[in-house]
Amino acid sequence: MAHSGPHALLPPGTPGAALTDTAWVEVLAAVDKTYSELVAYQEELETRNAELDAMRRFMASVFASVSDLILVVDRDFRIEEASGSVAALLGADKLGTPVSALVTEADWPMVEAALRQACDQRRPTSIEAAFRSTDGETPIDLSIAPRIGDRGRTRGAVLTGRPLAELRRAYSKLADSHQQLKEAQTHLVRNEKLASLGRLLAGVAHELNNPISFVYANTHAMEKSARKLEQYFEAVQAGASRDELIALRESLRLDREMGNLRMALEGARDGAERVRDIVEDLRRLSADGTGEMAPFDLVTTAQAAVNWVRRGSKRDVRIVTSGLPEVIAVGRKGHIQQVLMNLFQNAIDAVEGVAAPEIGIEIGTVAREAFVRVTDNGPGVPPALAATIFDPFFTTKEVGKGTGLGLSISHKIAEEHGGSLTLDDACEGASFTLTLPAPEPRP
Ligand code: ADP
C-alpha cells in the first residue's frame, strides 16, 4: 500500500493530512464498488419483491376461487388465512379471529381436540363438525393437518373442508343414476330372458307339433279299426254262424286291420314318448336353474342344449360332435345348459349366410378341467371386437334379435362356477371355449 503515516485517510486540506493521489483513487474505487453493490442488491431485492408479489397474487387467486374451505390457523388457533369460500359459506373469515368463532358451541371441543392433536402430535385427522353459517349450521367434512414452518417447527394447522350437504347431494345423485342404471339393466336382463323364452317356446311349439299330429293321425286310424271290430263283435253277439263270421272277417279285412291297429298304437305311443321327452327336457331346464353345484355329465347337457336350439332354428345346420363320450363337470346344470344354448344360438346365427354351415362341438378334459369348445364356420369375430363382445349390451344383431347380454351373462356364470368362457384364436369362423371344474378325484 502507498499510504504514509497515520493520517493517510484524511481529506486533502485537513490539517495534518498527507494523502497521496493513489490513496484517493483507491478510496473512490472502494466507494464506487460499494455503490454498484448497493444497486445490484436493490435490483435483486426488487426482483424478489416482484416474485413474492406474483406468488402472493397466485396464492390469493387460488384461495379466492377454490370451492373447498381452506383455513390456515396459528398455534393459538387464530385465522391467518382463509379461502374466499369460507366467507361465502360462513359469512366470516376475519383474519386474526379465533377459529372457534366459526364452529358451533357443541362441536368446538371436538375440533379443538383435533387441532391440538395436529399441532402437538403432528397427527392429521378427519372429522365431521357443524360450522355456523349464514343460514344456520352447516355440517362440514373436515381434514385438519399440522402446518410445519421453515425450521421444522409446528406453526399451526391447516383445515380443509367441504359441506356435507354438497357431498350428500352428489352422493344421492350418484345413487339415483346407479338405481336408474340398475333398473335399466334389470329391464334388459328381463328382455333377454323373454327373448330366450320366446326362442324356447317357438322351439317347444315346433317340436310338440310333430309328435302330437303323429298321435292324432294314429288315433284316427285306431278309430277306423275300432269301428270294424265293433261291427264284428255285434255280429258275434247277434249269434252269427261260424261261416258268416269268417265271411265278415274277410270282407272287413280284419287280419290286416289288427296289424294296422298295432302299428297305430305303437305310433301313438312313440309320439307320446317324444312329447314326454320334450316335457322332461323343459322340466330339467327350469328345475336345475338354481341350487347346489353338483357333478353332471357335460355331454348329455350339451346334447340337450343342441336339441333346444335346433328346435327353434329354421335351417338344418350340420353339427359335428367330437371328444369323450362322458365328461363330468361340477356346477349348476341348468345354468350351464343356458350358457351352451347361448353359444349354439350364436353359432347358428353366425352361419346364417354360409352356404355349407357347420358347427363343431368338442367336449373333453384338460388337466383338472372339463371343457366344451363350440366352433362355427361363420364370419368370425373381428380382432378389434374380441374384448367387446363380452360387454353387456354389445350386439351386432338387428333390433329385436339380439340383446347383447348372452355372452356377458354366460361369462359371469362361467366365472361363478370357477371356470371360464373365452373366445379362441380361430383360423376360420369363431371358436368359444367354456371350462368348468372337474370333480375332485377320489383318494
Ligand atoms: P347377442 O347374441 O344378443 O348379440 P351376445 O352377448 O350373445 O349377444 O353376443 C354379442 C355379440 O358377439 C354378437 O352380437 C356378435 O356380434 C358376437 N358374436 C357372438 N358369437 C359369435 C360367433 N359365433 N361368431 C361371430 N360373432 C359372434
Side-chain angles (χ1 to χ4, degrees), residues 181 184-203 285 289 301-302 304-323 334-363 371-417 419-436:
L181 201 68
Q185 208 171 347
T186 320
H187 185 68
L188 273 150
V189 168
R190 207 179 301 133
N191 274 1
E192 163 72 11
K193 278 195 182 139
L194 284 180
S196 30
L197 190 67
R199 278 202 294 265
L200 200 69
L201 285 182
L285 189 68
T301 307
V306 169
N307 288 344
W308 279 120
V309 175
R310 264 196 155 164
R311 277 172 194 146
S313 157
K314 289 181 201 81
R315 255 179 115 200
D316 199 22
V317 176
R318 199 167 111 87
I319 296 184
V320 182
T321 38
S322 60
H335 281 181
I336 298 306
Q337 186 165 325
Q338 238 183 344
V339 172
L340 293 172
M341 278 173 67
N342 182 56
L343 293 181
F344 297 146
Q345 186 64 55
N346 279 347
I348 292 219
D349 291 345
V351 296
E352 204 174 75
V354 176
E358 194 174 299
I359 292 174
I361 301 165
E362 188 192 343
I363 306 174
F371 75 87
V372 184
R373 184 161 301 127
V374 181
T375 51
D376 65 69
N377 61 351
V381 179
L385 293 184
T388 323
I389 56 168
F390 290 99
D391 288 349
F393 316 128
F394 175 82
T395 181
T396 53
K397 295 173 191 171
E398 61 200 71
V399 180
K401 193 154 184 213
T403 58
L405 282 174
L407 280 180
S408 83
I409 291 175
S410 300
H411 191 263
K412 193 164 156 254
I413 292 178
E415 286 200 328
E416 277 170 3
H417 276 73
S420 63
L421 175 63
T422 46
L423 169 71
D424 314 313
D425 290 328
C427 24
E428 191 206 357
S431 169
F432 287 86
T433 302
L434 168 74
T435 67
L436 289 171

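Each ligand, and each atom within it, is numbered from 1 in the order the structure gives. Worth saying up front: this structure is predicted, and the values here are computed from it rather than measured.
Within a 6.0 Å sphere centred on CD of E416, heavy atoms belonging to other residues, nucleotides or ligands number more than 12.
At least one donor-acceptor pair closer than 3.5 Å links the side chain of T435 to the backbone N or O of S420. Under a 3.5 Å cut-off, the side chain of T422 and the backbone N or O of D424 do not form any donor-acceptor pair. Side chain of R315 to backbone of V351: a donor-acceptor contact under 3.5 angstrom is found. Judged by distance alone, with hydrogens and angles left aside, the side-chain atoms of R310 form a donor-acceptor pair with the main-chain N or O of V317 at under 3.5 Å.
Of all atoms in ligand 1, listed by their number and element, those nearer than 4.0 Å to a heavy atom of G380 are 25 (C). Every atom of ligand 1 with a heavy atom of A430 under 4.0 Å away is listed here by number and element: 22 (C), 23 (N), 24 (N). Here is the list of ligand 1 atoms found below 4.0 Å of a heavy atom in A350: 22 (C), 23 (N), 24 (N). With ligand atoms numbered from 1 in the order given, ligand 1 contributes 22 (C), 23 (N) to contacts under 4.0 Å with heavy atoms of D376.
The nearest non-hydrogen atom to atom 26 (N) of ligand 1, considering only L407, T388, T395, V381, comes from V381. The option from D391, T396, T375 that lies nearest to atom 16 (O) of ligand 1, judged by heavy atoms, is T396.
For N342, every heavy-atom contact with ligand 1 shorter than 4.0 Å involves the side chain, none the backbone. Under 4.0 angstrom from ligand 1, the non-hydrogen atoms of F432 all belong to its side chain. When non-hydrogen atoms are compared, ligand 1 lies under 4.0 Å from neither the backbone nor the side chain of D349.
Side chains of Q338 and N342: a donor-acceptor N/O pair is absent below 3.5 angstrom, by distance only.
Interatomic distance, I336 CD1 to L434 CG, rounded to the nearest 0.5 Å: 5.5 Å.
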